[in-house]
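The structure appears below as structure tokens.
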Number of protein chains: 2
Amino acid sequence: MRRDARLSRMLHVLIHMDRHDGPATSEVIARMLATNPVVVRRTMAGLRDQGFVRSEKGHGGGWTLARDLREITLLDVYRAVGRPPVFVLGPAIDHPGCLVEQAVNAAVDGALAEAEALLLARFGAVTLADLARDFDRRFAEAKGRRPPAAG
Amino acid sequence: MRRDARLSRMLHVLIHMDRHDGPATSEVIARMLATNPVVVRRTMAGLRDQGFVRSEKGHGGGWTLARDLREITLLDVYRAVGRPPVFVLGPAIDHPGCLVEQAVNAAVDGALAEAEALLLARFGAVTLADLARDFDRRFAEAKGRRPPAAG
DNA sequence: AGCTTTCGTAACCAGGGAAGTTGCGAGGGA
DNA sequence: TCCCTCGCAACTTCCCTGGTTACGAAAGCT
């Protein structure tokens with residue numbers, strides 16, 4: 001299995017929801033993500049708590065977008081899914097008092113912090129509307145070459 | 001369990017080796033890393049294959065530095081330990097044909113690639129000699145305030 | 001030669017996290 | 001009342017790093 005795909009999956013779902021009228025049930029979303037409804041509810045709970053989506057029970061219920069895609073950045077979604085750890089790489093904490101270890105960790109941590117800052121800045125600069133536009137471009141291109149592709 | 005600490009651990013070891021006369025056995029290195037000799041041999045195998053250290057068997061054997069610390073960057077060590085994955089975050093591969101998924105993955109992958117490029121550039125710009133210098137500074141500082149600290 | 005040291009490596013176990021699965025409860029519409 | 005749908009806890013599965021055990025090979029010492 002790949003690593004943490006919650007951010008990507010939620011981005012995927014939110015864009016689909018924007019292009020879909022009426023609520024989407026966890027069952028329908030699960031099929032989009034090739035998984036099952038419980039994983040969907042678990043992962044989307046954070047988005048609901050942060051006010052990006054709403055959920056309704058009972059007949060005709062399901063998930064609906066609560067905000068315009070232009071108002072949601074990748075960073076917002078990253079935070080809403082719980083700010084999961086970004087890196088596999090990490091410092092060693094074998095002998096916290098060892099000054100060599102401290103010097104090494106300072107260098108590694110510094111580089112990781114810079115990379116994380118850049119990553120989150122990029123995430124903050126892109127809205128879901130931007131992704132949706134990119135999707136439209138890809139769709140138009142695919143249509144120009146072949147019969148309609150699945151969305 | 002903590003994250004992948006192989007890079008940090010190897011940096012730690014290499015600097016200690018530079019400050020240590022004669023070969024260091026896996027047993028001694030294992031104590032530096034609060035682990036055991038098998039993990040040390042496993043992790044250092046890549047460094048040996050890349051020519052950064054040498055290993056000798058038998059009495060008086062062990063590990064020795066094969067290059068000056070000024071000739072080894074953090075990037076070299078990162079590569080020598082097998083270029084382990086940098087990120088926990090990753091794209092979703094649920095429906096590879098879905099153009100929404102493709103647009104999402106392009107954005108996420110792009111940001112990750114930029115962050116990784118920055119990280120590796122930083123790693124490439126720092127030599128182990130730089131870290132050793134930072135250690136010396138920390139050591140001098142600690143000595144100025146307190147009785148000698150463990151190295 | 002025989003013993004000891006030390007590395008080399010395979011094989012297995014442990015722990016942690018994301019994802020998948022099962023089961024049951026709560027709430028809302030038909 | 002019945003069914004649909006979310007909410008959530010608990011358990012399982014899978015992968016990865018790290019730890020452990022076991023055995024073999026090479027090199028020095030006596």
Side-chain angles (χ1 to χ4, degrees), chain A residues 1-10 12-13 17 22-49 53-64 66 78 81-95, chain B residues 1-10 12-13 17 22-49 53-64 66 78 81-95:
Chain A
M1 189 184 305
R2 270 297 281 140
R3 295 262 169 61
D4 189 340
R6 283 175 289 184
L7 169 62
S8 299
R9 281 180 149 184
M10 290 303 97
H12 184 176
V13 167
M17 284 171 68
T25 65
S26 301
E27 174 62 33
V28 166
I29 295 172
R31 278 197 289 271
M32 288 180 197
L33 300 181
T35 179
N36 70 75
V38 178
V39 172
V40 171
R41 290 187 198 113
R42 183 195 294 159
T43 311
M44 295 190 65
L47 292 174
R48 181 192 57 225
D49 295 346
V53 298
R54 274 187 290 264
S55 61
E56 301 285 346
K57 296 176 179 176
H59 281 269
W63 300 85
T64 47
Y78 169 76
V81 295
R83 305 171 187 247
V86 172
F87 297 107
V88 181
L89 262 50
I93 42 176
D94 301 321
H95 282 149
Chain B
M1 192 180 304
R2 274 297 283 145
R3 299 250 176 60
D4 187 342
R6 283 174 288 185
L7 169 62
S8 300
R9 281 179 150 185
M10 290 303 97
H12 183 176
V13 167
M17 285 170 68
T25 65
S26 301
E27 173 62 34
V28 166
I29 295 172
R31 278 197 288 270
M32 286 179 198
L33 301 181
T35 178
N36 70 75
V38 179
V39 172
V40 171
R41 292 188 198 112
R42 184 196 291 159
T43 312
M44 294 190 66
L47 291 174
R48 182 190 57 225
D49 296 345
V53 298
R54 275 188 292 264
S55 61
E56 302 286 345
K57 296 176 179 175
H59 280 270
W63 301 84
T64 48
Y78 168 75
V81 296
R83 305 172 187 247
V86 172
F87 297 107
V88 182
L89 262 50
I93 42 175
D94 301 322
H95 282 147

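What you are looking at is a predicted structure, and each value in this text was computed from that prediction instead of being measured.
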- Note on the structure: Per atom distances to the B:T25 side chain, the nearest of C:dC7, D:dG19, D:dT17 is C:dC7
Polar-atom pairs under 3.5 Å, protein N or O versus N or O of nucleotides 26-30 of chain C: list them with distances, or write none.
unit_1 : atom_1 : unit_2 : atom_2 : d
C:dG27 : N2     : A:G58  : N      : 3.2

Distances for protein N/O vs nucleotides 20-22 of chain D N/O pairs under 3.5 angstrom?
unit_1 : atom_1 : unit_2 : atom_2 : d
D:dT20 : OP2    : B:N36  : ND2    : 3.2
D:dT20 : O4     : B:R42  : NH2    : 2.9

- Among all residues two or more places apart in sequence or in another chain, which pass the ring pair (Phe, Tyr, Trp, His ring centres under 6.0 Å) test with A:Y78? none
- Message: Please report the distance, rounded to the nearest Å, between CE in B:M10 and C1' in D:dG18.
- Response: 12 Å
- Take atom CH2 of B:W63 and atom C1' of C:dC7, then tell me their distance rounded to the nearest Å. 7 Å
- On DNA chain D, nearest-nucleotide positions of A:E27 versus B:R6: which is more 5'? A:E27
- Message: Can you tell me how far apart CE (B:M44) and CH2 (B:W63) are? Round to the nearest 0.5 Å.
- Response: 5.0 Å
Ignoring backbone atoms, test whether [X] places a side-chain nitrogen or oxygen under 4.0 Å from the OP1 or OP2 oxygen of [N].
X     : N     : result
A:R48 : D:dG7 : yes
B:S26 : C:dT6 : no
B:S55 : C:dG8 : yes

- Message: Please classify the nucleic acid contact of A:R54 as base, sugar-phosphate, or nothing, using heavy-atom distances under 4.0 Å.
- Response: nothing
